[in-house]
S.K.: 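My questions all concern the structure below.
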Amino acid sequence: MMAKLEPSLKPWSKYRFMPEGPSIVILKEAVKAFKGKKLIEIGGSTKIDLPDLMGQPVKDFKSWGKHFLICFPNHTIRIHLMLFGSYRINERKEKPAKLSLQFPNGELNFYACSVKLLEDDPGKIYDWSSDVMNKSWNPRKAGTKLKKIPNTMACDALLDQSIFSGVGNIIKNEVLFRISVHPESRIGKLPPRKLSALIKEARDYSFDFLEWKKAFVLKKHWLIHTKKTCPRCDLPVIKKYTGKNKRRSFFCTNCQLFYRGSKINSIKKRAISPAKKP
DNA sequence: CCGGTTGTTCAGCG
DNA sequence: GCGCTGAACAACCG
């Protein structure tokens, strides 16, 4: 008997994975049928030493940001899909899997990913309150961490996994556009309301990402990421590799304010006022 | 067909 | 020891 697949997760090849936090939440839901099932075979091309897990039941599937955790009674395997990783449930790709798990009711295969064995209990390793998708997400803690790094650019802060676990480059760009902040603004220069908007949208956009991704409509909801013109003012979108991370940023210099110092002179006036949100 | 990237780690250098 | 850079990994879309 094969595990039942969520119908919305079926057309693998048609849609790219987009390995940011919300996609890992989708993975977690997709493998629910294997929860509590005993491992009957483990294989794959991974070179790491895995303990003898045969016959062990999956206690739980967890996630922390972009980390996917397969918890057995005494051990936890951590999967990170990096940029190119993928998975298949009750299906196989042409290439051999990096990690393959067989259960009585089906199989779970991972490709092109990083596989690690956690050295301790996940609860001792991970701070769930920094995961923007987690029910324990704590925006106040994020605020405290941000106040300690005033000189960090907003684009780098959003990608900091110890503050915003799960946020990736797409979410970064969309959040900064939503809150009208230039990616190279320093965290310490943001007005308090912008800072709390940044924290709030990091989570809110991630949940929108989750819903759109499930419905296969994520890409069409991008407002700025990979766009050529600004959807608010129609001026050209700037593409620049920004911050210490040097990741792609897409932004509108008219609609996203550059907070960079003395409050009086530095903030450029908008050429065109942005259209109101529909 | 090639260039580019949703991400992270690590060696090497100054 | 630090911070930065480049390399490495690897798949697939346009």
S.K.: More 5' along DNA chain B: A/Thr226 or A/Arg78, using each one's nearest nucleotide?
M.R.: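 The residue whose closest nucleotide sits nearer the 5' end is A/Thr226.
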
S.K.: When you compare the protein's N or O atoms with those of nucleotides 2-5 of chain C, which come within less than 3.5 Å of each other, and at what distance?
M.R.:
from: C/dT5; atom 1: OP1; to: A/Lys246; atom 2: NZ; distance (Å): 3.4
from: C/dT5; atom 1: OP2; to: A/Lys246; atom 2: NZ; distance (Å): 2.8

S.K.: Please measure how far the C1' atom in B/dT6 lies from the corresponding atom in C/dT5, and state the result in whole Å.
M.R.: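 My reading of the C1' atoms in B/dT6 and C/dT5 gives 22 Å.
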
S.K.: Roughly how many Å is it from CZ in A/Phe110 to C1' in C/dA11, rounded to a whole number?
M.R.: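 So the two atoms are 17 Å apart, to the nearest Å.
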
S.K.: Any side-chain N or O of A/Arg248 below 4.0 angstrom from OP1/OP2 of B/dG4?
M.R.: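 Result: no.
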
S.K.: Could you tell me how far apart A/Ile171 (CD1) and B/dG7 (C1') are, to the nearest whole angstrom?
M.R.: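 So the two atoms are 13 Å apart, to the nearest Å.
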
S.K.: Can any side-chain N or O of A/Glu107 pair as donor or acceptor with the backbone N or O of A/Gln102 at less than 3.5 Å?
M.R.: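 Side chain of A/Glu107 to backbone of A/Gln102: no pair is present.
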
S.K.: Which is true for A/Lys172 with a 4.0 Å heavy-atom rule: it touches a base, it touches only sugar-phosphate, or it touches nothing?
M.R.: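 Since no nucleic acid heavy atom lies under 4.0 Å of A/Lys172, the category is nothing.
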
S.K.: Counting side-chain heavy atoms from CB outward, which of B/dG7, C/dA10, B/dT5 is closest to A/Pro19?
M.R.: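 Selected nucleotide (nearest to the side chain): B/dG7.
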
S.K.: For A/Leu83 and C/dA7, give me the distance from atom CG to atom P, rounded to whole Å.
M.R.: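 Whole-Å distance recorded here is 17 Å.
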
S.K.: Please test A/His182 against A/Tyr259 for ring-ring contact (aromatic ring centres under 6.0 Å, His included), starting from the C-alpha separation and ending with a verdict.
M.R.: CA-CA 7 Å; A/His182 189 295; A/Tyr259 298 94; 9.8 Å; no

S.K.: Quick check with a 6.0 Å cut-off and a 45 degree axis cone: is A/Arg203 positioned over the face of A/Phe164's six-membered ring?
M.R.: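 No, cation not above the ring by the 6.0 Å, 45° rule.
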
S.K.: Side chains of A/Met54 and A/Ile40, heavy atoms from C-beta outward: is any pair under 4.5 Å?
M.R.: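 No, their side chains stay 4.5 Å or more apart.
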
S.K.: What integer distance in Å separates A/Asn245:CG from B/dT8:C1'?
M.R.: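 Roughly 11 Å, once rounded to whole Å.
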
S.K.: Return the 5'-most residue of the pair A/Lys219, A/Lys95 with respect to DNA chain C, ranking by each residue's nearest nucleotide.
M.R.: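 Final value for this comparison: A/Lys95.
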
S.K.: With nearest nucleotide decided by heavy atoms, which residue, A/Gln161 or A/Phe84, maps closer to the 5′ end of DNA chain B?
M.R.: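 Its nearest nucleotide lies further toward 5', so the answer is A/Phe84.
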
S.K.: For C/dG6 versus B/dG4, give the span between their P atoms, rounded off to a whole number of Å.
M.R.: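 Straight-line distance between the two P atoms is 16 Å.
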
S.K.: Can you run through DNA chain C from 5' to 3' and write each base as (, ), [, ], | or . depending on how it pairs? Watson-Crick or G-U wobble, both distances under 3.5 Å.
M.R.: .||||||||.||||

S.K.: Does B/dT5 have OP1 or OP2 under 4.0 Å away from a side-chain N or O of A/Arg247?
M.R.: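 Checking B/dT5 against A/Arg247, no side-chain N or O comes under 4.0 Å of OP1 or OP2.
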
S.K.: According to a strict under-4.0 Å criterion, is A/Lys239 in side-chain N/O contact with OP1 or OP2 of B/dG4?
M.R.: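 False: A/Lys239 side-chain N/O out of range (4.0 Å or more) of B/dG4 OP1/OP2.
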
S.K.: For A/Lys227, I'd like to know if atom NZ has over 12 heavy atoms of other residues, nucleotides or ligands within 6.0 Å.
M.R.: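 Yes - once you tally the heavy atoms of other residues, nucleotides and ligands closer than 6.0 Å, there are more than 12.
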
S.K.: Give a yes or no answer on whether the side chain of A/Asp60 reaches the backbone of A/Lys62 with a donor-acceptor pair at less than 3.5 Å.
M.R.: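 No; judged by distance alone, with no hydrogens or angles, the pair does not exist.
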
S.K.: Using whole Å, what does the distance between atom P of nucleotide B/dT9 and atom NZ of A/Lys116 come to?
M.R.: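 Between P of B/dT9 and NZ of A/Lys116: 6 Å.
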
S.K.: Is it true that A/Tyr87 and A/Phe17 have ring centroids separated by less than 6.0 Å?
M.R.: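 Yes.
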
S.K.: Whole Å only: how far is the CG atom of A/Leu159 from the P atom of B/dT5?
M.R.: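 After rounding, the reported distance stands at 14 Å.
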
S.K.: Is any side-chain N or O of A/His80 closer than 4.0 Å to OP1 or OP2 of B/dG7?
M.R.: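 So the side chain of A/His80 is outside the cut-off, no N or O lying under 4.0 Å from OP1 or OP2 of B/dG7.
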
S.K.: Is A/Lys98 close enough and on-axis enough to A/Phe110, meaning under 6.0 Å and within 45°, for cation-pi?
M.R.: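 Because its charged atom misses either the 6.0 Å distance or the 45° angle limit, A/Lys98 does not stack over A/Phe110.
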
S.K.: Mind checking A/Lys98 for me? I need base, sugar-phosphate or nothing, with any heavy atom below 4.0 Å counting as a touch.
M.R.: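 Since no nucleic acid heavy atom lies under 4.0 Å of A/Lys98, the category is nothing.
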
S.K.: Is it the case that over 12 heavy atoms from other parts of the model lie below 6.0 angstrom from the NZ atom of A/Lys200?
M.R.: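 No, NZ of A/Lys200 has 12 or fewer neighbouring heavy atoms, counting only those of other groups under 6.0 Å.
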
S.K.: Just the rounded figure in Å: distance from P of B/dG4 to NE2 of A/His225.
M.R.: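 One finds 15 Å between P of B/dG4 and NE2 of A/His225, rounded.
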
S.K.: Rounding to a whole Å, what distance do you find between A/His67:NE2 and B/dG7:C1'?
M.R.: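 To the nearest whole Å, that distance equals 10 Å.
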
S.K.: My understanding is that only one of A/Ser165, A/Ser162, A/Ser136 makes a side-chain hydrogen bond (donor to acceptor under 3.5 Å, both in side chains) with A/Ser130; could you say which?
M.R.: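 For A/Ser130, the side-chain hydrogen bond (donor to acceptor under 3.5 Å, both in side chains) check succeeds only for A/Ser165.
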
